[in-house]
Amino acid sequence: MSAPCACQNWVRLARGLGPDALGQLMPMFLWLDPQGRISALGPALGKILGPGRILGSRFEQHFRLRCARAGRSGVASALDGRRRISLSLRVRPEITLRGSVADVGLGAADGLLLNLSFGIHLAEAVREFGLTETDFAPSDMAMELLYLQEAKATVLNELRALTVRLEDARRSALSEAQTDPLTGVANRRAFDLALERLIRGLGRGGQSFALAHVDLDYFKSVNDTLGHAAGDQLLRNVARVLEEETRRSDLVARVGGDEFVLLLRGATDPERLQSLGARIIARLEEPFTYGEQTCRISASIGVALSPDYDEPTAEAMLADADAALYLSKRLGKGRCSLAAPQADAEGMRA
Amino acid sequence: MHGLINKSIQAFLRANYGQRLWLQVAERVGFDSEGFEAMLRYDDQLTEDLLQASVEALDKPRGVLLEDIGAYLASLEPIRRLLRFGGEDYWEFLQSLDELQGRGQMTLPDLELPELALRTLRGAQFILDVDGTIPGWGAVMTGLLRAMADDYGALAMIEEAEAAEGREAVQVVLLEAAFNEGRRFDLARPVGSSR
(Lines give C-alpha, C1' and ligand atoms only; values in the text may rest on other atoms or scores of the structure.)
Protein backbone atom coordinates (compact mmCIF):
# COMPACT_ATOMS: atom_id res chain seq x y z
CA MET A 1 0.00 0.00 0.00
CA SER A 2 1.49 3.36 -0.91
CA ALA A 3 0.47 6.61 0.70
CA PRO A 4 -0.78 9.39 -1.56
CA CYS A 5 1.69 12.25 -1.59
CA ALA A 6 1.24 15.46 -3.55
CA CYS A 7 4.61 16.74 -2.57
CA GLN A 8 7.18 16.51 -5.35
CA ASN A 9 9.95 17.13 -2.90
CA TRP A 10 8.97 14.52 -0.37
CA VAL A 11 12.60 14.21 0.59
CA ARG A 12 12.26 17.64 2.16
CA LEU A 13 9.48 16.34 4.36
CA ALA A 14 11.61 13.42 5.43
CA ARG A 15 14.63 15.63 6.09
CA GLY A 16 12.53 18.14 8.00
CA LEU A 17 11.11 15.55 10.36
CA GLY A 18 13.66 15.62 13.15
CA PRO A 19 13.33 13.65 16.39
CA ASP A 20 11.46 16.54 18.05
CA ALA A 21 8.78 16.69 15.37
CA LEU A 22 8.54 12.89 15.35
CA GLY A 23 8.25 12.89 19.14
CA GLN A 24 5.47 15.43 18.99
CA LEU A 25 3.51 13.34 16.53
CA MET A 26 4.41 10.02 18.12
CA PRO A 27 5.47 10.36 21.76
CA MET A 28 6.19 6.64 21.80
CA PHE A 29 8.24 6.22 18.61
CA LEU A 30 11.43 4.24 18.49
CA TRP A 31 14.06 4.35 15.74
CA LEU A 32 16.36 1.35 15.58
CA ASP A 33 19.49 1.22 13.49
CA PRO A 34 20.07 -1.84 11.28
CA GLN A 35 21.90 -3.53 14.16
CA GLY A 36 18.90 -3.16 16.44
CA ARG A 37 20.30 -0.34 18.59
CA ILE A 38 18.16 2.60 19.64
CA SER A 39 18.98 5.67 17.56
CA ALA A 40 16.14 7.95 18.73
CA LEU A 41 12.99 7.70 20.77
CA GLY A 42 9.91 9.71 21.67
CA PRO A 43 9.66 11.61 24.98
CA ALA A 44 7.04 9.32 26.51
CA LEU A 45 9.10 6.25 25.74
CA GLY A 46 12.09 8.02 27.28
CA LYS A 47 10.09 8.44 30.48
CA ILE A 48 9.16 4.77 30.48
CA LEU A 49 12.62 3.38 29.80
CA GLY A 50 13.81 5.59 32.61
CA PRO A 51 17.08 7.26 33.40
CA GLY A 52 20.32 5.84 32.11
CA ARG A 53 21.83 5.64 28.68
CA ILE A 54 19.14 4.61 26.28
CA LEU A 55 20.57 5.84 22.99
CA GLY A 56 22.84 3.22 21.51
CA SER A 57 21.55 0.47 23.81
CA ARG A 58 20.10 -2.65 22.32
CA PHE A 59 16.40 -3.08 21.73
CA GLU A 60 16.38 -6.45 23.51
CA GLN A 61 17.75 -4.83 26.63
CA HIS A 62 14.43 -3.05 27.16
CA PHE A 63 11.84 -5.04 25.30
CA ARG A 64 10.87 -8.59 24.71
CA LEU A 65 9.27 -9.27 21.39
CA ARG A 66 6.18 -11.39 21.86
CA CYS A 67 5.61 -14.15 19.34
CA ALA A 68 9.01 -13.56 17.72
CA ARG A 69 9.64 -15.60 14.62
CA ALA A 70 11.28 -18.84 15.48
CA GLY A 71 14.91 -19.27 14.57
CA ARG A 72 15.59 -15.63 13.82
CA SER A 73 18.05 -13.79 15.91
CA GLY A 74 18.43 -10.05 15.99
CA VAL A 75 15.51 -7.68 16.17
CA ALA A 76 15.83 -6.41 12.63
CA SER A 77 15.52 -9.91 11.32
CA ALA A 78 12.69 -10.78 13.72
CA LEU A 79 10.72 -7.73 12.65
CA ASP A 80 11.36 -8.25 8.99
CA GLY A 81 8.21 -7.91 6.96
CA ARG A 82 5.94 -7.26 9.90
CA ARG A 83 3.48 -4.45 10.23
CA ARG A 84 2.00 -5.10 13.68
CA ILE A 85 4.09 -6.04 16.65
CA SER A 86 3.48 -6.86 20.27
CA LEU A 87 6.09 -6.21 22.95
CA SER A 88 6.46 -6.41 26.67
CA LEU A 89 8.67 -4.30 28.90
CA ARG A 90 11.61 -6.05 30.54
CA VAL A 91 11.14 -4.01 33.73
CA ARG A 92 7.41 -4.73 33.93
CA PRO A 93 6.68 -7.85 31.88
CA GLU A 94 2.93 -7.63 32.56
CA ILE A 95 2.72 -4.32 30.71
CA THR A 96 2.38 -4.97 27.03
CA LEU A 97 2.83 -2.57 24.16
CA ARG A 98 1.68 -2.86 20.64
CA GLY A 99 2.61 -0.94 17.58
CA SER A 100 3.51 -0.76 13.95
CA VAL A 101 6.84 -0.99 12.14
CA ALA A 102 8.05 0.80 9.03
CA ASP A 103 11.32 0.52 7.16
CA VAL A 104 13.58 3.55 7.10
CA GLY A 105 15.39 3.79 3.81
CA LEU A 106 15.32 1.31 0.98
CA GLY A 107 15.26 -2.22 2.35
CA ALA A 108 15.47 -0.81 5.88
CA ALA A 109 18.99 0.37 5.11
CA ASP A 110 18.60 3.02 7.78
CA GLY A 111 16.87 0.82 10.27
CA LEU A 112 13.27 0.56 11.49
CA LEU A 113 10.80 3.05 12.83
CA LEU A 114 8.41 1.72 15.47
CA ASN A 115 5.34 3.53 16.77
CA LEU A 116 4.15 2.02 20.04
CA SER A 117 1.13 2.41 22.27
CA PHE A 118 -0.28 0.74 25.33
CA GLY A 119 -2.90 -1.88 25.03
CA ILE A 120 -5.30 -2.85 27.76
CA HIS A 121 -2.70 -2.16 30.49
CA LEU A 122 -2.87 1.56 29.83
CA ALA A 123 -4.06 2.48 33.32
CA GLU A 124 -1.30 0.46 35.02
CA ALA A 125 1.31 2.04 32.77
CA VAL A 126 0.01 5.54 33.51
CA ARG A 127 0.27 4.83 37.21
CA GLU A 128 3.60 3.06 37.03
CA PHE A 129 5.41 5.64 34.93
CA GLY A 130 3.57 8.79 36.03
CA LEU A 131 2.41 9.56 32.49
CA THR A 132 0.45 12.70 31.74
CA GLU A 133 -1.79 13.84 28.96
CA THR A 134 1.17 15.25 27.01
CA ASP A 135 2.66 11.76 26.84
CA PHE A 136 -0.10 10.76 24.47
CA ALA A 137 -0.67 11.98 20.97
CA PRO A 138 -3.98 13.85 20.68
CA SER A 139 -4.98 11.35 18.01
CA ASP A 140 -4.47 8.52 20.50
CA MET A 141 -7.67 7.35 22.21
CA ALA A 142 -5.78 6.81 25.47
CA MET A 143 -7.46 9.72 27.25
CA GLU A 144 -10.90 8.51 26.25
CA LEU A 145 -10.05 5.04 27.47
CA LEU A 146 -8.82 6.36 30.82
CA TYR A 147 -11.87 8.56 31.11
CA LEU A 148 -14.22 5.68 30.35
CA GLN A 149 -12.47 3.37 32.76
CA GLU A 150 -12.84 5.88 35.56
CA ALA A 151 -16.41 6.81 34.71
CA LYS A 152 -17.34 3.16 34.54
CA ALA A 153 -15.82 2.49 37.96
CA THR A 154 -17.79 5.39 39.44
CA VAL A 155 -21.05 4.23 37.93
CA LEU A 156 -20.44 0.63 38.98
CA ASN A 157 -19.79 1.72 42.55
CA GLU A 158 -23.04 3.61 42.55
CA LEU A 159 -24.88 0.60 41.13
CA ARG A 160 -23.29 -1.73 43.64
CA ALA A 161 -24.32 0.55 46.50
CA LEU A 162 -27.85 0.68 45.08
CA THR A 163 -27.99 -3.12 44.90
CA VAL A 164 -26.90 -3.39 48.53
CA ARG A 165 -29.51 -0.87 49.63
CA LEU A 166 -32.24 -2.64 47.67
CA GLU A 167 -31.20 -6.01 49.06
CA ASP A 168 -31.29 -4.64 52.62
CA ALA A 169 -34.70 -3.15 51.98
CA ARG A 170 -35.91 -6.42 50.49
CA ARG A 171 -34.69 -8.40 53.48
CA SER A 172 -36.21 -6.10 56.02
CA ALA A 173 -39.51 -5.95 54.12
CA LEU A 174 -39.50 -9.73 54.00
CA SER A 175 -38.79 -10.06 57.67
CA GLU A 176 -41.41 -7.42 58.52
CA ALA A 177 -43.93 -9.26 56.40
CA GLN A 178 -43.29 -12.45 58.33
CA THR A 179 -42.97 -11.15 61.88
CA ASP A 180 -45.64 -10.56 64.49
CA PRO A 181 -45.01 -6.93 65.44
CA LEU A 182 -46.12 -7.35 69.07
CA THR A 183 -44.04 -10.33 70.09
CA GLY A 184 -41.34 -10.48 67.43
CA VAL A 185 -42.00 -14.16 66.69
CA ALA A 186 -43.17 -15.39 63.29
CA ASN A 187 -46.67 -14.51 62.11
CA ARG A 188 -49.37 -16.61 60.50
CA ARG A 189 -47.94 -16.07 57.03
CA ALA A 190 -44.47 -17.20 58.03
CA PHE A 191 -45.96 -20.19 59.83
CA ASP A 192 -48.01 -21.25 56.77
CA LEU A 193 -44.93 -21.01 54.57
CA ALA A 194 -42.78 -22.97 57.01
CA LEU A 195 -45.42 -25.70 57.40
CA GLU A 196 -45.78 -26.04 53.62
CA ARG A 197 -42.03 -26.26 53.33
CA LEU A 198 -41.78 -28.98 55.98
CA ILE A 199 -44.55 -31.02 54.36
CA ARG A 200 -42.94 -30.70 50.92
CA GLY A 201 -39.65 -31.73 52.50
CA LEU A 202 -41.21 -34.93 53.85
CA GLY A 203 -41.88 -36.10 50.31
CA ARG A 204 -38.16 -35.71 49.58
CA GLY A 205 -37.02 -37.62 52.61
CA GLY A 206 -36.97 -34.61 54.94
CA GLN A 207 -37.23 -34.68 58.71
CA SER A 208 -40.57 -35.51 60.32
CA PHE A 209 -41.98 -32.97 62.72
CA ALA A 210 -44.68 -32.14 65.24
CA LEU A 211 -47.15 -29.27 65.05
CA ALA A 212 -48.26 -27.99 68.46
CA HIS A 213 -51.16 -25.61 68.87
CA VAL A 214 -50.85 -23.61 72.10
CA ASP A 215 -53.88 -21.69 73.35
CA LEU A 216 -53.71 -19.56 76.47
CA ASP A 217 -56.26 -20.19 79.21
CA TYR A 218 -57.72 -17.30 81.24
CA PHE A 219 -55.95 -14.74 79.06
CA LYS A 220 -59.14 -12.78 78.47
CA SER A 221 -59.52 -12.08 82.19
CA VAL A 222 -56.00 -10.59 82.32
CA ASN A 223 -56.92 -8.26 79.48
CA ASP A 224 -60.21 -7.37 81.16
CA THR A 225 -58.86 -6.73 84.65
CA LEU A 226 -55.34 -5.38 84.05
CA GLY A 227 -55.91 -3.75 80.67
CA HIS A 228 -54.49 -4.25 77.20
CA ALA A 229 -51.02 -3.04 78.06
CA ALA A 230 -50.72 -5.84 80.61
CA GLY A 231 -52.14 -8.28 78.08
CA ASP A 232 -49.54 -7.22 75.52
CA GLN A 233 -46.77 -7.61 78.05
CA LEU A 234 -48.05 -11.06 78.93
CA LEU A 235 -48.12 -12.11 75.27
CA ARG A 236 -44.52 -10.99 74.84
CA ASN A 237 -43.67 -13.01 77.91
CA VAL A 238 -45.38 -16.09 76.48
CA ALA A 239 -43.50 -15.72 73.20
CA ARG A 240 -40.22 -15.52 75.09
CA VAL A 241 -41.02 -18.67 77.13
CA LEU A 242 -41.96 -20.58 73.97
CA GLU A 243 -38.71 -19.55 72.29
CA GLU A 244 -36.70 -20.53 75.33
CA GLU A 245 -38.34 -23.96 75.56
CA THR A 246 -37.85 -24.78 71.88
CA ARG A 247 -34.72 -25.14 69.81
CA ARG A 248 -33.34 -22.68 67.35
CA SER A 249 -34.39 -24.90 64.46
CA ASP A 250 -38.01 -24.90 65.66
CA LEU A 251 -40.52 -22.23 64.74
CA VAL A 252 -42.66 -20.25 67.18
CA ALA A 253 -45.51 -18.28 65.62
CA ARG A 254 -48.36 -16.21 66.95
CA VAL A 255 -51.39 -16.95 64.80
CA GLY A 256 -54.21 -15.29 66.71
CA GLY A 257 -54.94 -13.08 69.72
CA ASP A 258 -53.78 -15.61 72.32
CA GLU A 259 -52.95 -18.52 70.03
CA PHE A 260 -49.47 -19.74 69.24
CA VAL A 261 -48.23 -22.63 67.15
CA LEU A 262 -44.93 -24.46 67.29
CA LEU A 263 -43.28 -26.42 64.52
CA LEU A 264 -40.92 -28.87 66.18
CA ARG A 265 -38.49 -30.42 63.75
CA GLY A 266 -37.49 -34.03 64.36
CA ALA A 267 -39.55 -34.18 67.55
CA THR A 268 -41.96 -37.08 67.15
CA ASP A 269 -41.49 -39.12 70.32
CA PRO A 270 -44.88 -38.89 72.15
CA GLU A 271 -43.33 -39.06 75.60
CA ARG A 272 -40.86 -36.32 74.95
CA LEU A 273 -43.56 -34.17 73.41
CA GLN A 274 -45.74 -34.69 76.44
CA SER A 275 -42.93 -33.63 78.73
CA LEU A 276 -42.16 -30.60 76.56
CA GLY A 277 -45.86 -29.65 76.73
CA ALA A 278 -45.88 -30.08 80.53
CA ARG A 279 -42.75 -27.95 80.85
CA ILE A 280 -44.21 -25.16 78.74
CA ILE A 281 -47.48 -25.21 80.66
CA ALA A 282 -45.64 -25.15 84.00
CA ARG A 283 -43.64 -22.12 82.97
CA LEU A 284 -46.66 -20.29 81.61
CA GLU A 285 -48.49 -20.96 84.89
CA GLU A 286 -45.83 -19.12 86.86
CA PRO A 287 -47.31 -15.94 88.38
CA PHE A 288 -47.08 -12.96 86.08
CA THR A 289 -46.46 -9.59 87.70
CA TYR A 290 -47.54 -6.38 86.04
CA GLY A 291 -46.92 -3.23 88.01
CA GLU A 292 -48.10 -4.13 91.47
CA GLN A 293 -50.53 -6.75 90.37
CA THR A 294 -50.02 -10.41 89.84
CA CYS A 295 -52.06 -12.78 87.76
CA ARG A 296 -51.90 -16.32 86.54
CA ILE A 297 -52.76 -17.95 83.28
CA SER A 298 -52.33 -21.40 81.89
CA ALA A 299 -52.26 -23.00 78.47
CA SER A 300 -53.81 -25.91 76.62
CA ILE A 301 -51.86 -27.68 73.91
CA GLY A 302 -52.82 -30.00 71.07
CA VAL A 303 -50.14 -31.76 69.03
CA ALA A 304 -50.23 -33.49 65.63
CA LEU A 305 -47.30 -35.64 64.44
CA SER A 306 -46.32 -35.90 60.80
CA PRO A 307 -45.38 -39.66 60.93
CA ASP A 308 -49.04 -40.42 61.80
CA TYR A 309 -50.05 -39.54 58.23
CA ASP A 310 -49.52 -41.42 55.01
CA GLU A 311 -49.67 -38.15 53.14
CA PRO A 312 -49.78 -35.29 55.58
CA THR A 313 -51.45 -32.04 54.56
CA ALA A 314 -51.40 -28.72 56.33
CA GLU A 315 -55.20 -28.75 56.65
CA ALA A 316 -55.35 -32.21 58.22
CA MET A 317 -52.52 -31.57 60.65
CA LEU A 318 -53.97 -28.23 61.70
CA ALA A 319 -57.43 -29.73 62.14
CA ASP A 320 -56.07 -32.64 64.18
CA ALA A 321 -53.92 -30.38 66.36
CA ASP A 322 -57.02 -28.25 66.88
CA ALA A 323 -59.10 -31.27 67.86
CA ALA A 324 -56.39 -32.35 70.31
CA LEU A 325 -56.33 -28.83 71.73
CA TYR A 326 -60.10 -28.98 72.12
CA LEU A 327 -59.72 -32.26 74.02
CA SER A 328 -57.19 -30.60 76.36
CA LYS A 329 -59.66 -27.84 77.05
CA ARG A 330 -62.47 -30.35 77.68
CA LEU A 331 -60.35 -32.37 80.02
CA GLY A 332 -59.91 -29.35 82.25
CA LYS A 333 -57.38 -27.02 80.55
CA GLY A 334 -53.72 -26.67 81.44
CA ARG A 335 -52.78 -29.90 79.67
CA CYS A 336 -51.25 -31.29 76.50
CA SER A 337 -52.90 -33.85 74.17
CA LEU A 338 -51.53 -35.71 71.17
CA ALA A 339 -53.71 -36.40 68.13
CA ALA A 340 -53.89 -39.54 66.04
CA PRO A 341 -54.56 -39.13 62.35
CA GLN A 342 -58.18 -39.11 61.17
CA ALA A 343 -59.05 -39.67 64.79
CA ASP A 344 -62.17 -38.92 66.65
CA ALA A 345 -62.03 -37.85 70.28
CA GLU A 346 -61.68 -41.47 71.45
CA GLY A 347 -58.54 -41.97 69.37
CA MET A 348 -56.61 -39.28 71.12
CA ARG A 349 -53.87 -39.86 73.60
CA ALA A 350 -54.50 -37.32 76.27
CA MET B 1 -35.01 12.96 34.73
CA HIS B 2 -31.96 10.95 35.56
CA GLY B 3 -31.67 10.24 39.28
CA LEU B 4 -28.12 11.54 39.19
CA ILE B 5 -29.45 15.08 38.69
CA ASN B 6 -31.91 14.85 41.58
CA LYS B 7 -29.37 13.18 43.79
CA SER B 8 -26.89 15.97 43.04
CA ILE B 9 -29.39 18.56 44.21
CA GLN B 10 -30.07 16.52 47.31
CA ALA B 11 -26.34 16.06 48.03
CA PHE B 12 -25.75 19.77 47.49
CA LEU B 13 -28.46 20.74 49.98
CA ARG B 14 -27.22 18.25 52.54
CA ALA B 15 -23.57 19.21 52.21
CA ASN B 16 -24.10 22.97 52.28
CA TYR B 17 -27.17 23.39 54.46
CA GLY B 18 -27.51 20.21 56.46
CA GLN B 19 -29.80 17.23 56.69
CA ARG B 20 -32.60 19.26 58.30
CA LEU B 21 -32.95 21.59 55.37
CA TRP B 22 -32.93 18.67 52.96
CA LEU B 23 -35.76 17.03 54.91
CA GLN B 24 -37.70 20.29 54.80
CA VAL B 25 -37.30 20.48 51.04
CA ALA B 26 -38.16 16.80 50.63
CA GLU B 27 -41.31 17.36 52.63
CA ARG B 28 -42.29 20.34 50.50
CA VAL B 29 -42.12 18.28 47.33
CA GLY B 30 -43.78 15.33 49.02
CA PHE B 31 -40.79 13.08 48.51
CA ASP B 32 -40.78 10.95 51.60
CA SER B 33 -38.25 8.28 50.77
CA GLU B 34 -34.78 8.28 52.25
CA GLY B 35 -33.41 10.06 49.21
CA PHE B 36 -32.93 9.88 45.49
CA GLU B 37 -31.13 6.99 43.89
CA ALA B 38 -28.54 8.09 41.36
CA MET B 39 -29.20 5.12 39.10
CA LEU B 40 -32.99 5.34 38.86
CA ARG B 41 -35.17 7.64 36.80
CA TYR B 42 -37.69 10.07 38.19
CA ASP B 43 -40.46 12.19 36.79
CA ASP B 44 -39.16 15.44 35.22
CA GLN B 45 -41.61 17.50 37.22
CA LEU B 46 -40.03 16.27 40.45
CA THR B 47 -36.74 17.98 39.53
CA GLU B 48 -38.56 21.21 38.82
CA ASP B 49 -40.45 20.96 42.13
CA LEU B 50 -37.24 20.17 43.95
CA LEU B 51 -35.57 23.30 42.61
CA GLN B 52 -38.60 25.44 43.38
CA ALA B 53 -38.78 24.11 46.95
CA SER B 54 -35.04 24.75 47.42
CA VAL B 55 -35.40 28.31 46.16
CA GLU B 56 -38.19 28.89 48.67
CA ALA B 57 -36.49 27.16 51.58
CA LEU B 58 -33.20 29.01 51.06
CA ASP B 59 -34.78 32.27 49.96
CA LYS B 60 -32.22 32.53 47.16
CA PRO B 61 -32.71 33.49 43.52
CA ARG B 62 -32.93 30.45 41.31
CA GLY B 63 -29.92 31.51 39.24
CA VAL B 64 -27.68 31.84 42.29
CA LEU B 65 -28.80 28.46 43.61
CA LEU B 66 -28.05 26.79 40.27
CA GLU B 67 -24.61 28.42 40.08
CA ASP B 68 -23.87 27.10 43.57
CA ILE B 69 -24.96 23.64 42.48
CA GLY B 70 -22.63 23.83 39.48
CA ALA B 71 -19.71 24.82 41.70
CA TYR B 72 -20.59 22.05 44.14
CA LEU B 73 -20.60 19.43 41.36
CA ALA B 74 -17.12 20.46 40.24
CA SER B 75 -15.92 20.12 43.83
CA LEU B 76 -16.86 16.44 44.03
CA GLU B 77 -13.70 14.47 43.43
CA PRO B 78 -15.11 11.86 41.00
CA ILE B 79 -16.75 14.55 38.87
CA ARG B 80 -13.79 16.91 39.13
CA ARG B 81 -11.51 14.13 37.90
CA LEU B 82 -13.77 13.26 34.98
CA LEU B 83 -13.90 16.93 34.01
CA ARG B 84 -10.12 17.23 34.21
CA PHE B 85 -9.83 14.58 31.53
CA GLY B 86 -11.08 17.35 29.25
CA GLY B 87 -7.66 18.89 28.82
CA GLU B 88 -4.28 19.76 30.18
CA ASP B 89 -5.06 23.40 30.88
CA TYR B 90 -8.17 25.54 31.15
CA TRP B 91 -8.04 26.60 27.53
CA GLU B 92 -8.07 22.98 26.40
CA PHE B 93 -10.77 22.25 28.96
CA LEU B 94 -12.96 24.95 27.42
CA GLN B 95 -12.39 23.49 23.97
CA SER B 96 -13.39 20.04 25.26
CA LEU B 97 -16.81 21.23 26.46
CA ASP B 98 -18.31 20.58 23.03
CA GLU B 99 -17.74 16.91 23.79
CA LEU B 100 -19.11 16.98 27.35
CA GLN B 101 -22.57 15.81 26.36
CA GLY B 102 -21.07 12.94 24.39
CA ARG B 103 -18.77 11.99 27.23
CA GLY B 104 -21.73 11.98 29.58
CA GLN B 105 -23.66 9.73 27.25
CA MET B 106 -20.69 7.44 26.87
CA THR B 107 -20.88 6.91 30.63
CA LEU B 108 -24.64 6.92 31.12
CA PRO B 109 -26.55 6.71 27.84
CA ASP B 110 -29.72 8.18 29.34
CA LEU B 111 -28.08 11.09 31.15
CA GLU B 112 -29.49 14.25 29.60
CA LEU B 113 -26.66 16.74 29.82
CA PRO B 114 -27.13 19.97 27.88
CA GLU B 115 -25.68 20.40 24.44
CA LEU B 116 -22.70 22.75 24.67
CA ALA B 117 -21.04 24.73 21.90
CA LEU B 118 -18.06 27.00 22.44
CA ARG B 119 -17.66 30.07 20.24
CA THR B 120 -14.48 32.15 20.30
CA LEU B 121 -15.27 35.86 20.10
CA ARG B 122 -11.81 37.32 20.36
CA GLY B 123 -8.54 35.68 21.37
CA ALA B 124 -9.46 34.92 24.96
CA GLN B 125 -13.14 35.70 25.00
CA PHE B 126 -15.60 32.85 24.59
CA ILE B 127 -19.31 32.27 24.58
CA LEU B 128 -20.56 28.86 25.59
CA ASP B 129 -24.04 28.20 24.21
CA VAL B 130 -25.98 25.94 26.53
CA ASP B 131 -29.00 24.08 25.24
CA GLY B 132 -30.59 21.86 27.87
CA THR B 133 -33.86 20.00 28.29
CA ILE B 134 -34.77 22.12 31.31
CA PRO B 135 -33.94 25.81 31.79
CA GLY B 136 -31.17 26.54 34.25
CA TRP B 137 -28.23 24.66 32.77
CA GLY B 138 -26.67 28.00 31.84
CA ALA B 139 -26.41 28.95 35.50
CA VAL B 140 -25.17 25.48 36.48
CA MET B 141 -22.45 25.67 33.83
CA THR B 142 -21.49 29.18 35.01
CA GLY B 143 -20.85 27.86 38.53
CA LEU B 144 -19.11 24.78 37.22
CA LEU B 145 -16.81 26.73 34.86
CA ARG B 146 -15.82 29.10 37.68
CA ALA B 147 -14.96 26.22 39.98
CA MET B 148 -12.97 24.49 37.25
CA ALA B 149 -11.05 27.70 36.53
CA ASP B 150 -9.91 27.60 40.17
CA ASP B 151 -9.14 23.93 39.84
CA TYR B 152 -6.90 24.52 36.82
CA GLY B 153 -5.37 27.58 38.41
CA ALA B 154 -6.66 29.83 35.63
CA LEU B 155 -7.68 33.45 36.02
CA ALA B 156 -10.95 34.05 34.23
CA MET B 157 -14.10 36.14 34.41
CA ILE B 158 -17.16 34.01 33.98
CA GLU B 159 -20.71 35.30 33.85
CA GLU B 160 -23.98 34.01 32.61
CA ALA B 161 -24.51 35.83 29.35
CA GLU B 162 -27.58 37.46 27.91
CA ALA B 163 -28.70 35.17 25.17
CA ALA B 164 -31.39 35.15 22.56
CA GLU B 165 -34.92 34.25 23.50
CA GLY B 166 -35.17 30.91 25.23
CA ARG B 167 -31.49 30.20 24.95
CA GLU B 168 -28.80 30.19 27.57
CA ALA B 169 -25.12 31.04 27.39
CA VAL B 170 -22.06 31.63 29.52
CA GLN B 171 -19.41 34.23 28.78
CA VAL B 172 -15.82 33.40 29.63
CA VAL B 173 -12.94 35.87 29.52
CA LEU B 174 -9.75 33.94 30.04
CA LEU B 175 -7.18 36.37 31.45
CA GLU B 176 -4.46 33.86 32.21
CA ALA B 177 -4.64 30.13 31.69
CA ALA B 178 -1.83 29.39 34.14
CA PHE B 179 -2.34 32.01 36.86
CA ASN B 180 -1.37 29.69 39.67
CA GLU B 181 -0.64 26.02 40.34
CA GLY B 182 -4.22 24.88 40.52
CA ARG B 183 -5.18 21.60 42.07
CA ARG B 184 -3.21 18.47 41.44
CA PHE B 185 -4.49 16.02 38.87
CA ASP B 186 -2.82 12.70 38.10
CA LEU B 187 -4.12 10.67 35.20
CA ALA B 188 -3.88 7.56 37.37
CA ARG B 189 -6.60 7.28 39.97
CA PRO B 190 -5.24 7.58 43.49
CA VAL B 191 -4.54 4.11 44.88
CA GLY B 192 -7.13 2.84 47.30
CA SER B 193 -9.76 5.23 46.06
CA SER B 194 -12.95 3.36 45.45
CA ARG B 195 -14.48 6.10 43.42
Side-chain angles (χ1 to χ4, degrees), chain A residues 23-24 27-28 43-45 47-48 92 94-95 117-173 176, chain B residues 2-8 10-11 33-42 73 76-93 95-97 99-111 113 152 178 182 184-195:
Chain A
Q24 232 169 326
M28 301 245 305
L45 212 47
K47 217 174 191 178
I48 291 162
R92 292 291 307 272
E94 73 277 18
I95 295 183
S117 77
F118 291 106
I120 206 69
H121 302 294
L122 172 68
E124 285 98 312
V126 163
R127 185 184 310 284
E128 176 71 21
F129 303 112
L131 302 180
T132 67
E133 189 178 350
T134 48
D135 291 319
F136 299 99
S139 55
D140 190 337
M141 294 296 275
M143 294 300 288
E144 276 73 14
L145 190 59
L146 288 172
Y147 166 84
L148 256 190
Q149 209 164 33
E150 191 154 332
K152 187 201 72 171
T154 305
V155 169
L156 273 185
N157 266 317
E158 198 60 53
L159 279 175
R160 203 173 297 124
L162 171 61
T163 308
V164 169
R165 284 193 289 274
L166 289 180
E167 176 60 13
D168 285 352
R170 192 188 70 84
R171 276 173 198 269
S172 83
E176 262 168 45
Chain B
H2 202 283
L4 199 56
I5 309 271
N6 292 352
K7 184 156 186 191
S8 300
Q10 171 193 325
S33 141
E34 277 154 44
F36 289 102
E37 283 295 348
M39 292 296 139
L40 299 180
R41 285 194 75 82
Y42 297 90
L73 288 176
L76 298 175
E77 187 61 11
I79 297 184
R80 176 189 92 89
R81 283 192 54 81
L82 292 179
L83 287 169
R84 285 288 295 253
F85 276 98
E88 230 224 319
D89 59 23
Y90 195 63
W91 187 88
E92 280 189 13
F93 167 76
Q95 306 296 326
S96 79
L97 290 172
E99 287 188 356
L100 190 73
Q101 190 186 41
R103 281 179 182 252
Q105 275 169 2
M106 199 153 74
T107 313
L108 293 167
D110 53 350
L111 180 63
L113 291 181
Y152 273 103
R184 194 186 159 93
F185 172 69
D186 296 322
L187 277 191
R189 271 197 300 164
V191 180
S193 128
S194 66
R195 314 210 53 154

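In what follows, chains are A, B, ... by sequence order, proteins preceding strands, each numbered from 1.
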Please assess B/Met106 against A/Tyr147 for the test side chain to side chain contact (heavy atoms under 4.5 Å, CB included), listing each intermediate value before the final yes or no. CA-CA 10 Å; B/Met106 199 153 74; A/Tyr147 166 84; 3.9 Å; yes
A/Ala151 versus B/Thr107, closest heavy-atom pair with distance: CB-CG2, 3.3 Å
A side-chain contact here means heavy atoms from C-beta on lying under 4.5 Å apart; do A/Met143 and B/Leu187 qualify? yes
Would you say B/Gln95 has more than 12 foreign heavy atoms packed within less than 6.0 Å of its CD? yes
Heavy-atom side-chain proximity of B/Phe185 to A/Thr132 below 4.5 angstrom: no
Heavy-atom distance under 4.5 Å to chain A: side chain of B/Glu88, backbone, both or neither? both
Identify which of A/Leu122, A/Thr134, A/Leu156, A/Leu146 forms the greatest number of heavy-atom pairs closer than 4.5 Å to chain B. A/Leu146
With rounding to the nearest 0.5 angstrom, report the CZ to CD distance, B/Arg189 to A/Glu150. 5.5 Å
Interatomic distance, B/Ile79 atom CD1 to A/Thr154 atom OG1 [nearest 0.5 angstrom]: 9.0 Å
Evaluate side chain to side chain contact (heavy atoms under 4.5 Å, CB included) for B/Leu40 paired with A/Leu162, printing each intermediate quantity in order. CA-CA 9 Å; B/Leu40 299 180; A/Leu162 171 61; 4.2 Å; yes
Which value, rounded to the nearest 0.5 Å, describes the distance between B/Met39 atom CE and A/Leu159 atom CG? 5.5 Å
Measure A/Phe129 against the heavy atoms of chain B and call it side chain, backbone, both or neither at under 4.5 Å. neither
If you round to the nearest 0.5 Å, how far is CD of A/Glu158 from NZ of B/Lys7? 4.0 Å
So for A/Leu148, is it side chain, backbone, both, or neither that comes closer than 4.5 Å to the heavy atoms of chain B? side chain
